[in-house]
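What's counted below: heavy atoms across the whole structure, side chains too, no hydrogens, waters or symmetry copies. None of the values given here were measured: they were computed from a predicted structure. For this chain, numbers begin at 1 and follow the sequence in order.
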Amino acid sequence: MSLSKIRNIGIAAHIDAGKTTVTERILFFTGVTRKTGEVHDGQATMDFMKQEQERGITIASAAISCHWKGNQVNIIDTPGHVDFTVEVERSLRVIDGMIAVFCAVGGVEPQTETVWNQADRYKVPRIAFVNKMDRTGADFSEVTGMMNRYLDANAFPLQLPIGAEESFNGIIDLITMKAYVFTEWEREETKIPEEMLDSAVSARNQLIEKLADYDNNIMDLYLEEKEVDAETLKSAVRDATLKLLITPVFCGAAYKNKGVQLLLDAVNDYLPSPVDVGAIVGHDTDNEEKTIKRTPSPKEPFAALAFKIIHDPYVGQQTFIRIYSGTLTGGMQVFNPGKIRHERIGRILKIKAKEREEVSSAGPGDIVALIGMKFTKTGDTLCDDDNRILLENIHVAPTVIELKINPAVRKDQSKLGEALAKLSSEDPSFTARYNEETNETIVGGMGELHLEIIIDRLKHEFKLDVETGAPAVAYREALSREIEVEYRHVKQSGGKGQFAHTIMRLEPNPGKGYEFVNMIKGGRIPAEYIPSVDKGIKKTLEDGVIAGFPVVDVKVVLLDGSYHAVDSSDWAFQTCASICFKNGFKKAGPKLLEPTMKIEINTPDEYIGDIVGNLNRKRATIESMRRYRKGSQKLNGFVPLVEMFGYATQLRNISSGRANYSMEFSKYVPLSDSMQADVLKEFEKQS
């Protein structure tokens, strides 16, 4: 198939906007499924995990291929809940275009902004679909206005709804000036209703006037007052959409099968093919400053990005990749520059949700699953061994909430370790570590629901009975001032001894993570032991120093040291570096950092005072309050995560269930001295 006929798209939105239902209808109308699966009865094709079916929400992004009017459309349906934002992040990293789904009643909701900002970060062209036009309170023009006010979307309606709420029964296409009305499964082309003709002509003229700013051909026709034909308009809309200048807006009611075929036409007409996206840019593996381009051609050297891992009970580990250039064939050897390892390609599968089709090869633009990968993880590049390239990794926010977890039966400890290793390889926003001092396993995630799903999967997928503690905030440790420290490690116990000596400087490194700088000259410490020093420090960072929380944002400069020709070893220098770092860290004004969340609340006007008062008691900082819709307001601010446990119930009580909120991780900030003392006291009690 020609590359220009491929569309790699994501469908993303706030939870409950109806994106999975939109996907289900797309699959039905493209002939992939013979019946429509519904989210509410747990039968959605794309929500095939047991936890998704029980909760009626999407948790894992699912990939599926379908065909529409000669084009192959590869769809990734993404979650709307903020706890699974990494699923959206990694999907946006590999798609070429996006359908942003909006609820015609709710409009721009909290998670919509998060998804929109993620799409901006990856420069993904998008079209908007205003869904649920049949719902009470549906308002197409209000949602379009909200897109401009809150998302700076430059929304261009290409359709007008015929009616709204219960009377919504059709759509006017402003490009072709045709109307469509819908029966249960069919659509019928008809004339524009007489009473809407003037508003349709006016809307089309406004569209032409706006597009004249982006297209010289339309500008000339507009100034000469000549008719602009549909193909000219389509071409201008497509060009402006691909350049991220505008967002075309469509409407419908997916649950009632209205507007979905027209949306599929829009995917073909306005979203990019791999050819439109053009070359992917990566770095030379030997010189990070040097950039390399790969154009989407099967003749180019092979380059792909792994964006998701799933452990399937039938075929084992599936590694999902997006191919950017070259051709991949079964049995081929590729190189993983991130892991500095070679991988042998086993089976190549094209995925249709939970069904799979084996293929012998895949090329640019394809999204496929590989079976049998040993070293490749999420975010890794796979490339031709003779033409190496390193593609941009996938952004993963740090975990903010932790849970102690242990097997109910002690003999299941190793089984639990294996299960957690599989889950953390599938989901980079989930972490698991074992604390040897307390003999406890600690798991970390993006929120309470995230960890709840993980525990559920351990019980049902891995058949593990586990006991958990209460959720706790994932603090971090950092130093507040620079310090120079020295430690000499000498141990004699009969046979060969241990000797290592290091002098290092520890410096705060805000926002830059861990950095190791080697300043050793003249072989004071042999070159083979420098990585041992780095390794010893890294192990200490993971385990923490003052309270068992990971250490972040520290720069370590190795200044000097000495060694013994017989007694020095890799282990001796690891141990020495670890103790040296701990000693220095304790004297460098160690601080605990707590996760602060960005919160957004939509509330009717009458509850705003009580909500603000409640947030003030939670040490929140209110950033802005603005008119959201008539009679309601949107509040934005920042609040420490520790204050937000159980907030859903509190907000429900304050607002009689009428307000809703969303929060996502913002940054780590230092605790006050008094609060740090309280946390450390609590930590000592539990140790």
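- Figure legend: Lys210 and Phe156 shown as a cation-pi pair, the cationic atom lying under 6.0 angstrom from the six-membered ring centre and within 45 degrees of its axis.
- Here the shortest heavy-atom pairing between Leu160 and Ala200 reads CD1-CA, 3.9 Å.
- Side-chain atoms of Asn169 do not come within 3.5 Å of backbone N or O of Val181 as any donor-acceptor pair.
- No side-chain donor-acceptor contact under 3.5 Å links Ser235 to the backbone of Glu231.
- Between the side chains of Asn205 and Ser202, not a single donor N or O lies within less than 3.5 Å of an accepting N or O.
- Judged by distance alone, with hydrogens and angles left aside, the side-chain atoms of Asp366 form no donor-acceptor pair with the main-chain N or O of Val368 at under 3.5 Å.
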Salt bridge (Lys or Arg N to Asp or Glu O under 4.0 Å) between Asp96 and Arg322, worked out: CA-CA 11 Å; Asp96 298 329; Arg322 158 71 196 264; 2.9 Å; yes
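- Looking at heavy atoms from C-beta onward, Val94 lies out of side-chain contact with Asn8 at the 4.5 angstrom threshold.
- Contact check for Leu271 versus Leu242: no side-chain heavy atoms found under the 4.5 Å cut-off.
- Side-chain atoms of Asn154 and Tyr214 include a donor-acceptor pair closer than 3.5 Å.
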Intermediate values then yes/no, side-chain contact (heavy atoms from CB on, under 4.5 Å), Ile127 and Met98: CA-CA 6 Å; Ile127 60 177; Met98 183 176 99; over 6 Å; no
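- A cation-pi arrangement is present between Arg126 and Trp116, with the terminal nitrogen or guanidinium carbon under 6.0 Å from the aromatic centre and inside a 45° cone about the axis.
- The cationic atom of Lys132 (NZ for Lys, CZ for Arg) does not lie both less than 6.0 Å from the six-membered ring centre of Tyr255 and within 45° of the ring axis.
- In terms of heavy-atom proximity, Gly106 sits nearest to Met146 at O-CE, 3.9 Å.
- Using modelled atom types and a 3.5 Å distance limit, the side chains of Ser141 and Asp139 yield a donor-acceptor pair.
- Of the N and O atoms on the side chains of Asn602 and Glu600, not one donor lies less than 3.5 Å from an acceptor on the other residue.
- Proximity of Arg238 to Asp269: side-chain heavy atoms (C-beta onward) are nowhere separated by under 4.5 Å.
- The existence of a salt bridge linking Asp134 and Lys258 is excluded, since no basic side-chain nitrogen approaches an acidic carboxylate oxygen closer than 4.0 Å.
- The side-chain heavy atoms of Val359 and Leu349, taken from C-beta on, include no pair separated by under 4.5 Å.
- A cation-pi arrangement is absent between Arg294 and Tyr324 under the rule of less than 6.0 angstrom and at most 45 degrees off the ring axis.
- Looking at Gln159 and Asp173, their side chains never bring a donor and an acceptor atom within 3.5 Å of each other.
- His67 and Asn71 share no donor-acceptor pair across their side chains, judged by distance under 3.5 Å alone.
- Not a single donor-acceptor pair under 3.5 Å links the side chain of Arg7 to the backbone N or O of Asn74.
- Smallest separation of non-hydrogen atoms from Leu174 and Ala203: CD1-CB, 3.8 Å.
- Taken from OH in Tyr270 to NZ in Lys234, the straight-line distance is 5.5 Å, to the nearest 0.5 Å.
- If you check the side chains of Arg25 and Asn257, you find a donor sitting under 3.5 Å from an acceptor.
- Checked by atom type and distance alone, the side chain of Ser655 pairs as donor or acceptor with a backbone atom of Leu651 at under 3.5 Å.
- Remark: side-chain polar atoms of Thr232 are not paired, donor with acceptor, to backbone N or O of Val228 under 3.5 angstrom.
- Other residues, nucleotides and ligands contribute at most 12 non-hydrogen atoms within 6.0 Å of the CD atom of Glu194.
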Salt bridge (Lys or Arg N to Asp or Glu O under 4.0 Å) assessment of Arg204 paired with Glu227: CA-CA 11 Å; Arg204 191 176 198 269; Glu227 180 60 32; 3.2 Å; yes
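- In Asp220, the CG atom is crowded: over 12 heavy atoms of neighbouring residues, nucleotides or ligands sit closer than 6.0 Å.
- Side-chain atoms of Ser2 and Ser4 include a donor-acceptor pair closer than 3.5 Å.
- At a threshold of 4.5 Å between non-hydrogen side-chain atoms, the residues Phe182 and Lys256 do not count as touching.
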Evaluation steps, salt bridge (Lys or Arg N to Asp or Glu O under 4.0 Å), between Arg135 and Glu166: CA-CA 7 Å; Arg135 286 265 306 275; Glu166 282 183 9; over 6 Å; no
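- Taken from CG in Asp152 to CZ in Arg149, the straight-line distance is 12.5 Å, to the nearest 0.5 Å.
- Looking at Ser273 and Ile6, their side chains never come closer than 4.5 Å, going by heavy atoms from C-beta outward.
- Between Ile321 and Leu328 there is a side-chain heavy-atom pair separated by less than 4.5 Å.
- The shortest distance between side-chain heavy atoms of Leu158 and Phe250 falls below 4.5 Å.
- Shown here for Thr144 and Pro157, the closest heavy-atom pair between the two residues is CG2-CG, 3.9 Å.
- Of all heavy-atom pairs spanning Ala153 and Thr247, the tightest one is O-OG1, 2.9 Å.
- Relative ring orientation between Tyr661 and Tyr647 is described as perpendicular, the plane-to-plane angle rising above 60° on a 0-90° scale split at 30° and 60°.
- Contact record, Gly70 with Lys5: O-CD, 3.7 Å, taken as the closest heavy-atom pair.
- Here the side chain of Thr295 pairs no donor or acceptor atom with the backbone of Ser297 at under 3.5 angstrom.
- When atom types are taken as modelled, the side chain of Asn653 and the backbone of Gln650 share no donor-acceptor pair closer than 3.5 angstrom.
- Atom CD1 of Ile175 is separated from atom CG of Leu233 by 4.5 Å, given to the nearest 0.5 angstrom.
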